[in-house]
A.B. asks: 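One structure follows; several queries about it will come next.
Below, chain A is the first sequence line, B the second, and so on; all start at residue 1.
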Number of protein chains: 2
Amino acid sequence: MGINDRKARQQEEIKQQIIAESWHIIAEEGWQALSIRRIADAIEYSVPVIYKHFENKEAIQEYFIKDGFAKLTEEMRQIQTASDDERIREIAYSYWRFAASRTAHYRIMFSLGIPHCETVNSVAEMKQMSDMMRVAIEKLAQSHRQEHTDIYLKLKTFWSMLHGFISIELLSNTVIPAEPTPVFKDAIESFMYTLINKK
Amino acid sequence: MGINDRKARQQEEIKQQIIAESWHIIAEEGWQALSIRRIADAIEYSVPVIYKHFENKEAIQEYFIKDGFAKLTEEMRQIQTASDDERIREIAYSYWRFAASRTAHYRIMFSLGIPHCETVNSVAEMKQMSDMMRVAIEKLAQSHRQEHTDIYLKLKTFWSMLHGFISIELLSNTVIPAEPTPVFKDAIESFMYTLINKK
DNA sequence: TTACTTTTGATAACACTGTTAACAAAATGT
DNA sequence: ACATTTTGTTAACAGTGTTATCAAAAGTAA
């Protein structure tokens with residue numbers, strides 16, 4: 001039945017339009033400017049059509065959260081470095097650059113206003129990212145004969161540091177510098193130092 | 001003119017009622033459940049009365065943000081410790097306990113969803129808190145003959161760490177443990193170590 | 001081609017939201 | 001007792017997310 005295939009394609013196209021136009025609005029005017037009616041206007045369909053593709057507005061937010069983590073993971077995946085030391089540094093830097101270049105996206109991903117997700121590990125896209133970090137930390141620990149480090153402890157610390165710096169940056173409403181600041185770099189070096197050297 | 005005094009008192013009481021009832025709703029059902037009409041119902045006045053005391057809803061949020069930082073600073077101020085080492089540790093712990101015991105308040109203070117404040121230093125209550133942290137770091141650095149450390153760099157790192165850990169904790173929707181976790185404590189010790197010992 | 005069925009989409013409503021203009025009533029000053 | 005200011009209310013405007021109801025288009029079978 002080619003007819004059903006075509007229908008599925010057409011529906012999928014509408015969904016992609018919803019996503020594209022939504023992002024258009026968000027990028028231009030922020031998440032708070034996004035309303036179902038504005039999406040409907042933009043895609044030139046009536047309001048209830050949107051509810052055929054997203055259960056509610058929160059589901060749209062959820063989509064962008066997952067999408068954000070997927071994009072972040074993708075950027076991290078493209079890192080090519082010689083040493084394990086370099087790798088974890090570059091992961092940190094690409095995290096910073098992501099927050100700097102896609103600030104609107106980052107804000108949505110970590111908006112603590114509305115509780116949305118269950119556990120970090122239950123969201124596949126989040127887990128992918130944290131896995132990538134974990135492996136990098138693991139490798140660095142191993143290559144410096146630190147097999148007995150608590151990796152999950154270090155992973156949590158690592159992510160907390162990254163997000164902490166970005167958050168504080170986001171508090172003052174100025175644009176995040178495109179490249180990691182010295183403060184940030186310094187903290188990453190400290191983290192790596194305590195990871196490599198036994199206590 | 002005692003009449004004007006009484007009027008001022010009555011108006012002030014209404015304002016306090018607005019604050020109290022607002023907080024009642026927030027504590028019970030979260031920030032998103034707070035609406036002007038619900039406040040009006042609770043204080044048994046009509047809606048426009050609220051606008052006599054707060055310019056708009058954002059002003060109410062702003063009030064709670066400032067109030068939160070004031071309360072946090074107050075808790076930090078009550079710390080009594082023997083050594084400078086102990087002090088910075090206790091500041092970190094009281095930060096954790098604040099976030100754990102007043103999670104709803106903490107969420108409002110750092111909700112990155114709606115941009116609200118200018119610079120950190122322009123909000124007096126924020127500055128108070130960061131000053132308190134800065135002095136503690138300064139003292140610790142001095143008492144270990146580290147006069148040439150960049151205090152602002154360390155302050156930013158310190159706060160980023162604290163907020164980073166809490167944020168990650170807030171992501172997974174479970175309750176924050178009342179007492180600082182080992183991961184958190186470990187990170188604080190690391191921070192203090194790099195602060196005390198020259199690079 | 002006609003009749004029936006399913007899918008698809010639009011209209012319009014419901015119950016909210018923040019905000020404010022217009023007005024009535026109470027309190028105060030003369 | 002009258003005029004004025006203060007105080008608070010009603011009712012509306014323009015928007016929000018969400019959904020029940022219904023019409024039209026598309027597909028299926030005779």
Side-chain angles (χ1 to χ4, degrees), chain A residues 1-26 28-65 108 111 113-116, chain B residues 1-26 28-65 108 111 113-116:
Chain A
M1 270 296 162
I3 285 175
N4 286 341
D5 291 7
R6 193 213 57 210
K7 281 192 177 178
R9 274 201 311 276
Q10 286 176 336
Q11 287 302 324
E12 182 56 30
E13 187 158 330
I14 293 179
K15 181 164 188 171
Q16 290 308 317
Q17 273 186 51
I18 294 173
I19 293 165
E21 294 296 342
S22 293
W23 187 250
H24 199 213
I25 295 168
I26 293 169
E28 219 109 292
E29 301 170 59
W31 168 261
Q32 58 175 342
L34 186 72
S35 80
I36 305 291
R37 278 177 182 80
R38 283 197 64 177
I39 301 173
D41 275 2
I43 64 170
E44 295 177 302
Y45 277 94
S46 69
V47 166
V49 170
I50 292 161
Y51 286 89
K52 289 240 160 104
H53 299 91
F54 293 95
E55 205 188 331
N56 48 35
K57 204 192 172 186
E58 208 179 314
I60 298 178
Q61 182 177 11
E62 208 177 294
Y63 171 84
F64 283 117
I65 291 173
I108 296 171
S111 66
I114 307 136
H116 32 69
Chain B
M1 270 296 163
I3 286 177
N4 285 341
D5 291 7
R6 191 213 59 211
K7 281 192 177 177
R9 274 202 310 277
Q10 287 176 337
Q11 287 301 323
E12 182 57 30
E13 187 159 329
I14 293 179
K15 180 164 188 170
Q16 291 309 317
Q17 272 185 50
I18 293 174
I19 293 166
E21 294 296 341
S22 293
W23 188 250
H24 199 213
I25 295 167
I26 293 170
E28 219 111 292
E29 300 169 60
W31 169 260
Q32 58 174 342
L34 186 72
S35 81
I36 305 290
R37 277 176 182 79
R38 282 197 65 177
I39 301 173
D41 277 2
I43 64 170
E44 295 178 302
Y45 277 94
S46 70
V47 166
V49 169
I50 292 160
Y51 287 88
K52 289 242 160 105
H53 298 91
F54 293 95
E55 204 187 331
N56 48 35
K57 202 191 174 184
E58 208 179 314
I60 299 178
Q61 183 177 10
E62 208 176 294
Y63 171 84
F64 283 116
I65 291 173
I108 296 171
S111 66
I114 306 139
H116 31 70

A.B. asks: A:P48 or A:A33: which one's nearest nucleotide on DNA chain D is closer to the 5' end?
C.D. replies: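 That would be A:A33.
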A.B. asks: Please state whether the base of D:dG15 and the side chain of A:R37 form at least one donor-acceptor pair under 3.5 Å?
C.D. replies: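 Result: no qualifying N/O pair found.
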A.B. asks: Roughly, in whole Å, what's the span from CD1 in A:I18 to P in C:dG9?
C.D. replies: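 These atoms are roughly 10 Å apart.
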A.B. asks: Whole Å only: how far is the CD1 atom of A:I36 from the P atom of C:dA10?
C.D. replies: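 About 15 Å, once rounded to whole Å.
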A.B. asks: Rounded to the nearest Å, what distance is computed from the CZ atom of residue B:R38 to the P atom of nucleotide C:dT17?
C.D. replies: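 Whole-Å distance recorded here is 8 Å.
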A.B. asks: Expressed in angstrom and rounded to an integer, what is the separation of B:E58 atom CD from C:dT19 atom C1'?
C.D. replies: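 From B:E58 CD to C:dT19 C1': 14 Å.
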A.B. asks: Mind checking the CG-OH spacing from B:N56 to B:Y51? Nearest 0.5 Å is all I need.
C.D. replies: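 With rounding to 0.5 Å, CG (B:N56) is 7.0 Å from OH (B:Y51).
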A.B. asks: Do NZ/NE/NH1/NH2 and the carboxylate oxygens of A:E62 and A:K57 come within less than 4.0 Å?
C.D. replies: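 A:K57 and A:E62: not salt-bridged.
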A.B. asks: Tell me whether the guanidinium CZ or amine NZ of A:K15 lies under 6.0 angstrom from the six-membered ring centre of A:F54 and within 45° of its axis.
C.D. replies: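 Judged by the rule (NZ or CZ under 6.0 Å from the ring centre, within 45° of its axis), A:K15 counts as positioned above A:F54.
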A.B. asks: Heavy atoms under 4.0 Å, any strand shown: does A:Q10 hit a base, just sugar-phosphate, or nothing?
C.D. replies: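 Result for A:Q10 = nothing.
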A.B. asks: To the nearest angstrom, how far is A:Q61 atom CD from D:dT16 atom P?
C.D. replies: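 Rounded to whole Å, this separation is 17 Å.
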A.B. asks: Any idea which of C:dT20, C:dG9, D:dT19 is nearest the A:Y51 side chain?
C.D. replies: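 From the listed options, D:dT19 comes nearest.
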